[in-house]
Amino acid sequence: MALFKKDKVALDMQSISTLISEGCIFDGNLKAPAYARIDGQITGDVMVDEGLIIGEKGSIQGNVITKEMVVYGVVNGNLQVHSLEIKASGKVTGEIRTQTLEVENGAVYNGSLSMTQNNKLAQQNHTAKPAQKIIEV
């Protein structure tokens, strides 16, 4: 992952603190510390402090706010990230706001893209909040 500093460990080599495994279905907003991997399905907004990996079988129907993100699966929603990679198997639909973007050959992206410089996105991330969702029981 050439877009990160040399002294940083690549996102897919980080220790994962939160895992939504294949076959799991999560309906609601998810807030996770550190690094998360999603191989199941999430319907709702996702906020992860450090980094997020969407596996090939993973999907999110909602908005995402995080620092680093790698998409192998499907995301339908707006992304607000510092660094985004969409892998060949990845599909993203929605608005992307990022500083750096890497899209592999074969990846699919439909939506609008807004790229900002370092300080502007960081300030926006601190004030942005995902849309609230009401879950009926």
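Please read all numbers here as calculations on a predicted model, not as lab measurements.
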In short, Asn78 meets Asn63 closest at the heavy-atom pair N-OD1, 2.9 Å

Which atom names give the shortest non-hydrogen contact between Ala34 and Ser17, and what distance separates them? CB-OG, 3.6 Å

Evaluate the side chain to side chain contact (heavy atoms under 4.5 Å, CB included) criterion for residues Val92 and Asn110: first the C-alpha distance (whole Å), next the side-chain angles of each, then the deciding distance (0.1 Å), finally the verdict. CA-CA 6 Å; Val92 176; Asn110 290 302; over 6 Å; no

Which value, rounded to the nearest 0.5 Å, describes the distance between Leu52 atom CG and Met47 atom CE? 12.0 Å

Is there a side-chain contact between Leu113 and Met115, using heavy atoms and a 4.5 Å cut-off? yes

Sub-4.5 Å side-chain heavy-atom contact between Thr18 and Val48: no

Output the distance between atom CZ (Arg97) and atom NE2 (His82), rounded to the nearest 0.5 Å. 11.5 Å

Answer whether the closest heavy-atom distance between the side chains of Ile54 and Val75 falls below 4.5 Å. yes

Supply the atom-to-atom distance Ile86 CD1 to Tyr72 OH, rounded to the nearest 0.5 angstrom. 12.5 Å

Non-hydrogen side-chain atoms of Ile25 and Ile20 separated by less than 4.5 Å: no

Could you pull out all residues at least two apart from Lys57 that satisfy salt bridge (charged side-chain N to carboxylate O under 4.0 Å, His left out)? none

List the residues meeting side-chain hydrogen bond (donor to acceptor under 3.5 Å, both in side chains) with Asp39, not counting sequence neighbours, and say none if there are none. Arg37

Count I, L, V, M, F, W, Y as connected when their side-chain heavy atoms are under 4.5 Å apart, and connections chain through other members. Are Ile60 and Val74 then in the same cluster? no

Min side-chain heavy-atom separation Ser59-Thr43 under 4.5 Å: no

Step by step, would you call Asp49 with Lys31 a side chain to side chain contact (heavy atoms under 4.5 Å, CB included)? CA-CA 8 Å; Asp49 291 343; Lys31 182 169 172 41; 3.9 Å; yes

Contact check, side chains of Thr100 and Leu84, non-hydrogen atoms, under 4.5 Å: no

Restricting to non-hydrogen atoms, name the atom on Ile38 and the atom on Ile42 that form the minimum distance, rounded to 0.1 Å. CD1-CD1, 3.3 Å

Distance (rounded to the nearest 0.5 Å) between Leu101 CG and Glu85 CD: 9.5 Å

Among Gln99, Met69, Glu68, Lys67, exactly one meets side-chain contact (heavy atoms from CB on, under 4.5 Å) together with Val81. Which residue is that? Met69

Show your reasoning for whether side chain to side chain contact (heavy atoms under 4.5 Å, CB included) applies to Ile96 and Tyr109. CA-CA 10 Å; Ile96 294 176; Tyr109 171 59; 3.2 Å; yes

Using the salt bridge (charged side-chain N to carboxylate O under 4.0 Å, His left out) criterion, which residues pair with Glu104? Sequence neighbours excluded. Lys87

